[in-house]
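Since the structure is predicted, the reported quantities are computational estimates derived from the model, not experimental observations. Whatever order the structure lists them in is the order used to number ligands and atoms, beginning at 1. Any value given below was found using the heavy atoms of this structure, including those in side chains, with hydrogens, waters and symmetry copies removed.
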Amino acid sequence: HRKLLDCGTLDVLQHKSCPPDVAELPLAADLCCAIQQHQLQLYYQPQVSVSTGKICGVEALCRWFHNDYGMIAPDKFIALAESVGIITELDFWVLRRACQQLAQWRSQGVNVPAVAINLSSVNLTIEKLPELILEVLHENGLSTDDIVVEVTESGFVEKDFAVKSVINRLFACGIKLSVDDFGVGYSNLSRLQHLPAMQLKLDRSLIEHIDTNPVAKSVSEAALLIGKSMQLQVVAEGVESAAQCEILEDLGFHVIQGYFFAAPLSVEQLEQWLAKQ
Ligand code: C2E
Ligand code: MG
Ligand code: MG
Ligand code: MG
């Protein structure tokens, strides 16, 4: 994969996989500098184990603090990073930063069991992906037990042989894969059943109405059973209320993540949250 580009250059646009909107060009140029100018920051959202009631990990979520526009949410810039060809730099910056942070927490005795990072499916085309991830873990004195790599469901059901091979080698290296946003992509169940993953994350849209709509509840239960039948740990994301939480616990979900416990938090906020637990 290509090295970071010079700040301010739009060279990157020549490598685009799908052209960004003209209106987005200035933002695309800014995004190229954002990493170097330390405008990206990670927020961490706690994930709570239903069986213990304790934190079992955090998900690292990227934020962009732009000089003129303030905080920009990932929904606005991940697709842009993909289209201008800097998603590899971005995701690897996130991986490094999250691993450094976890190593720092460990050295400070702060109990964060594991950190999950989001990886764009674009990066599944990098042949040396498993080796590159292992290298970052090694640099930070961490092991494959310490991280989870989340890829959206549609990224997994790729037919491409090279991508399949990367996914299989990630699994063989012991890198734990999580199927993110399950239930909103095109769920090819026949291909999903052979997924080399350890976790299934049900999309928030499947959780949203479980406390008010019996059909929604049944559908989320069905999705849970699919995950369990594939021996996967099943996570409910976007849980916002005690009522939803109680239903998910009764249904037998393994892990719960959402505003009900905590929103994505800055490092300082997370440390305060942990101290209160
Ligand atoms: P995701 O991986 O599915 O992350 C969950 C999203 O749901 C996050 O949005 C989180 O803030 C939000 N969320 C969590 N709990 C709740 C809740 O209870 N209610 C509601 N309404 N929302 C909740 P966020 O941080 O805006 O990220 C959006 C997406 O951007 C992520 O979805 C992920 O796909 C992508 N993303 C974020 N950081 C990265 C990154 O470093 N690399 C890549 N490739 N993608 C990233
Ligand atoms: Mg995720
Ligand atoms: Mg996602
Ligand atoms: Mg998700």
Just to be sure I read this right, does ligand 1 sit under 4.0 Å from the backbone of [X], its side chain, both, or neither, counting only heavy atoms?
| X | answer |
| --- | --- |
| E237 | side chain |
| I78 | side chain |
| T152 | neither |
| P264 | side chain |
| D91 | side chain |

Between the side chain of [X] and the main-chain N/O of [Y], is any donor-acceptor distance below 3.5 Å?
| X | Y | result |
| --- | --- | --- |
| N140 | L142 | no |
| E153 | G183 | yes |
| Q193 | M230 | no |
| Q244 | E208 | yes |

Three-point angle D180:OD2, the Mg ion (ligand 2), E150:OE1, rounded to the nearest 10°: 90°
Answer yes or no: are there more than 12 heavy-atom neighbours, outside [X] itself, under 6.0 Å from its atom [atom1]?
| X | atom1 | answer |
| --- | --- | --- |
| K217 | NZ | no |
| H194 | NE2 | yes |
| K76 | NZ | no |

Among the N, O or S atoms of E237, the one nearest the Mg ion (ligand 4): OE2
D181 atom (N/O/S) at minimal separation from the Mg ion (ligand 4): OD1
Would you mind running through ligand 1 and noting each atom that sits below 4.0 Å from a heavy atom of [X]?
| X | result |
| --- | --- |
| G238 | 15 (N), 16 (C), 17 (C), 18 (O) |
| G258 | 15 (N), 18 (O) |
| V94 | 41 (O) |
| V239 | 18 (O) |
| D75 | 28 (C), 29 (C) |

Sub-3.5 Å N/O-N/O distance, R204 and ligand 1: yes
Any N/O pair Q45/ligand 1 closer than 3.5 Å: yes
W273-Y44 aromatic ring centre distance below 6.0 Å: no
Ligand 1 contact by R63, heavy-atom criterion under 4.0 angstrom: yes
Whether E59 lies under 4.0 Å from ligand 1, heavy atom: yes
CA sep, side-chain torsions, deciding dist, call: N123, T88, side-chain hydrogen bond (donor to acceptor under 3.5 Å, both in side chains): CA-CA 6 Å; N123 289 325; T88 303; 2.7 Å; yes
K128/E135 salt bridge by N-O under 4.0 Å criterion: no
Option nearest atom 1 (P) of ligand 1 (shortest heavy-atom distance, choices N123, I72, D180): D180
Shortest heavy-atom approach to atom 16 (C) of ligand 1 - which of Y259, F260, F77, F261: Y259
Shortest-distance N/O/S atom, E59 versus the Mg ion (ligand 2): OE2
The Mg ion (ligand 2) reached by N118 (N, O or S, under 2.8 Å): yes
E150 side chain to S178 side chain, donor-acceptor N/O pair below 3.5 angstrom: no
L248 side chain reached by V50 side chain, heavy atoms, under 4.5 Å: no
